[in-house]
K.L.:
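Have a look at this one before I ask anything.
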Amino acid sequence: MHNIQNKGVAVYCASSNNIAPEFIQQARTVGKLLAHAGVPVVSGGGSAGLMAAVIEGALESGGQAIGVLPQFMVDKGWDHPKLTKRIITQTMHQRKMQMAQLSCAAIALPGGVGTLDELFEIITWRQLHLFDGNVVICNTDGFYNRLLEHLQFTVENGFMRPAAPQKLWQVAENAADAVTAALSPAQDPGIQYHMPDKPIV
């Protein structure tokens, strides 16, 4: 389904401008590195924050930047004006599905609740074999440390299987490692879930 040779990499990230420069620089580097690898950036297509930095990094390096936005965001003028291609959806749900369909892997840069929503949905899809690409959490400056601790807490308390952290996502500490991990051969998640024979009471 996801062919690394002809698909892009989905990049989930913040659209806020009120962000420290190191986060913006790492986002721009992700765009540049994907462009150098000949892989299109697939993003939410916004004109601000890390999203704009990823798009501009790709374009500055001769790459492609595909933006996927729902109609209401376009109506508000939130789309980046220099996108290589703009895809308009009717809903946020369609936006996430379209981004996944266009991508062979996904990278989550630092972000807020929208980024977390996208990250957890694509992890869930990978768990259910609906998305077979790599999912990479880019832990710039330890941004995701607390989230990773909580995910480990869910494993320790039986809410996820012990193999989940190794099978469903990878963690990178910087842009270069994130892109390398995203473009590496994807492994089968290897986690099978079955409904219980009897109802849980």
Side-chain angles (χ1 to χ4, degrees), residues 1-15 23 26-27 30-31 33-34 37 39-46 49-51 54-55 58 65-70 73 87 89-140 143-148 150-152 154-155 159-161 163-173 175 177-193:
M1 178 180 174
H2 298 277
N3 187 339
I4 199 169
Q5 295 181 341
N6 57 25
K7 292 198 172 186
V9 168
V11 181
Y12 308 133
C13 56
S15 58
F23 294 113
Q26 286 291 300
V30 165
L33 292 173
L34 288 173
V39 179
V41 166
V42 179
S43 75
L50 302 191
M51 206 177 298
V54 173
I55 291 167
I66 301 169
V68 185
L69 304 91
M73 289 187 175
I87 298 173
T89 65
Q90 293 305 306
T91 68
M92 294 290 284
H93 295 293
Q94 291 171 352
R95 180 198 208 187
K96 290 183 289 184
M97 180 178 291
Q98 183 74 73
M99 288 177 66
Q101 290 172 342
L102 291 169
S103 303
C104 66
I107 297 172
L109 297 173
V113 292
T115 302
L116 294 174
D117 171 48
E118 292 168 321
L119 172 60
F120 281 116
E121 181 156 322
I122 204 68
I123 287 174
T124 302
W125 284 19
R126 180 161 166 74
Q127 175 175 279
L128 298 173
H129 299 271
L130 299 176
F131 181 82
D132 57 15
N134 291 320
V135 176
V136 183
I137 298 173
C138 188
N139 191 29
T140 304
F143 180 86
Y144 281 117
N145 282 350
R146 291 176 181 82
L147 176 65
L148 295 169
H150 180 72
L151 289 171
Q152 183 59 38
T154 66
V155 170
F159 290 96
M160 282 196 299
R161 297 197 177 189
Q166 291 75 36
K167 297 287 188 178
L168 298 180
W169 65 83
Q170 302 176 57
V171 179
E173 300 302 323
D177 289 347
V179 171
T180 297
L183 299 181
S184 65
Q187 297 182 354
D188 189 298
I191 301 175
Q192 300 295 330
Y193 290 85

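Basis for what follows: all heavy atoms, side chains included, without hydrogens, waters or symmetry-related copies.
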K.L.:
What heavy-atom pair brings Gln152 and Pro165 nearest, and what distance separates the two atoms?
P.N.:
OE1-CG, 4.4 Å
K.L.:
Could you go through Ser15 and Met51, starting from their C-alpha distance and side-chain angles, then the distance that decides it, and tell me whether this counts as side-chain contact (heavy atoms from CB on, under 4.5 Å)?
P.N.:
CA-CA 6 Å; Ser15 58; Met51 206 177 298; 4.1 Å; yes
K.L.:
Does the pair Tyr12 and Leu116 meet the rule for a side-chain contact (heavy atoms from CB on, under 4.5 Å), with working shown?
P.N.:
CA-CA 8 Å; Tyr12 308 133; Leu116 294 174; over 6 Å; no
K.L.:
So which heavy atom on Val11 is nearest to which on Met99, and how close?
P.N.:
O-CE, 4.3 Å
K.L.:
Any chance you could measure Arg161, atom CZ, to Leu168, atom CG, to the nearest 0.5 Å?
P.N.:
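Rounded to the nearest 0.5 Å, the CZ-CG separation comes out at 11.0 Å.
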K.L.:
Do the side chains of Phe120 and Leu147 get nearer than 4.5 Å, heavy atoms only?
P.N.:
yes
K.L.:
Would the distance check show the side chain of Thr180 and the main-chain N or O of Asp177 forming a donor-acceptor pair, the cut-off being under 3.5 Å?
P.N.:
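Not a single qualifying donor-acceptor pair exists.
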K.L.:
Indicate yes or no: at least one non-hydrogen side-chain atom of Ser43 is less than 4.5 angstrom from one of Ile55.
P.N.:
yes
K.L.:
Do Leu151 and Met160 have side-chain heavy atoms sitting under 4.5 Å apart?
P.N.:
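Yes, side chains in contact.
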K.L.:
Please round to the nearest 0.5 Å and tell me the distance separating atom CZ of Phe23 and atom SG of Cys13.
P.N.:
12.5 Å
K.L.:
Are Val41 and Ile66 side-chain neighbours, meaning at least one heavy-atom pair lies under 4.5 Å?
P.N.:
no
K.L.:
Return yes if some donor-acceptor pair links the side-chain N/O of Asn134 with the main-chain N/O of Trp169 below 3.5 Å, else return no.
P.N.:
no
K.L.:
Tell me, please, which residues at least two apart from Met97 pass side-chain contact (heavy atoms from CB on, under 4.5 Å).
P.N.:
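If we apply the side-chain contact (heavy atoms from CB on, under 4.5 Å) test to Met97, skipping adjacent residues, the hits are Gln101, Trp125.
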K.L.:
How long is the gap from CG on Leu69 to CE on Met92, to the nearest 0.5 Å?
P.N.:
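Taking CG in Leu69 and CE in Met92, the distance rounds to 9.5 Å.
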K.L.:
Evaluate the criterion side-chain contact (heavy atoms from CB on, under 4.5 Å) for residue pair Val39 and Lys7; output intermediate values, then yes/no.
P.N.:
CA-CA 7 Å; Val39 179; Lys7 292 198 172 186; over 6 Å; no
K.L.:
Does the side chain of Leu50 reach to within under 4.5 Å of the side chain of Gln26, using non-hydrogen atoms?
P.N.:
no
K.L.:
Within this structure, what is the CD1-CD distance for the pair Ile137 and Glu173, rounded to the nearest 0.5 Å?
P.N.:
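So the CD1 of Ile137 and the CD of Glu173 are separated by 10.5 Å.
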K.L.:
Restricting to non-hydrogen atoms, name the atom on Leu183 and the atom on Ala37 that form the minimum distance, rounded to 0.1 Å.
P.N.:
CD1-CB, 3.7 Å
K.L.:
Begin from the C-alpha positions of Val135 and Leu119 and carry the test side-chain contact (heavy atoms from CB on, under 4.5 Å) through to its verdict.
P.N.:
CA-CA 8 Å; Val135 176; Leu119 172 60; 3.9 Å; yes
K.L.:
Between Gln170 and Ser184, which heavy-atom pair has the shortest distance, and what is it?
P.N.:
NE2-OG, 4.4 Å
K.L.:
Is the shortest heavy-atom distance from the side chain of Pro70 to the side chain of Thr91 under 4.5 Å?
P.N.:
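The answer is no; the side chains never approach within 4.5 Å.
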K.L.:
Hey, does the side chain of Gln94 reach the backbone of Gln90 with a donor-acceptor pair shorter than 3.5 angstrom?
P.N.:
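Flag set: sc Gln94 to bb Gln90 pair under 3.5 Å.
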K.L.:
Could you tell me if the side chain of Leu109 sits less than 4.5 Å from the side chain of Val30, heavy atoms only?
P.N.:
yes
K.L.:
Could you report the tightest heavy-atom contact between Ala178 and Ile107, atom names first, then the distance?
P.N.:
O-CD1, 3.9 Å
K.L.:
Looking at Ile87, is its backbone amide N or carbonyl O close enough to the side chain of Arg95 to form a donor-acceptor pair, meaning the two atoms are under 3.5 Å apart?
P.N.:
no
K.L.:
Compare all side-chain heavy atoms of Leu148 with those of Asn139 and state whether any distance is below 4.5 angstrom.
P.N.:
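With C-beta onward as the side chain, the pair touches.
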K.L.:
Please give me the minimum heavy-atom distance between Ala172 and Val136, naming the atom from each residue.
P.N.:
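Closest approach of Ala172 to Val136: CB-CG1, 4.0 Å.
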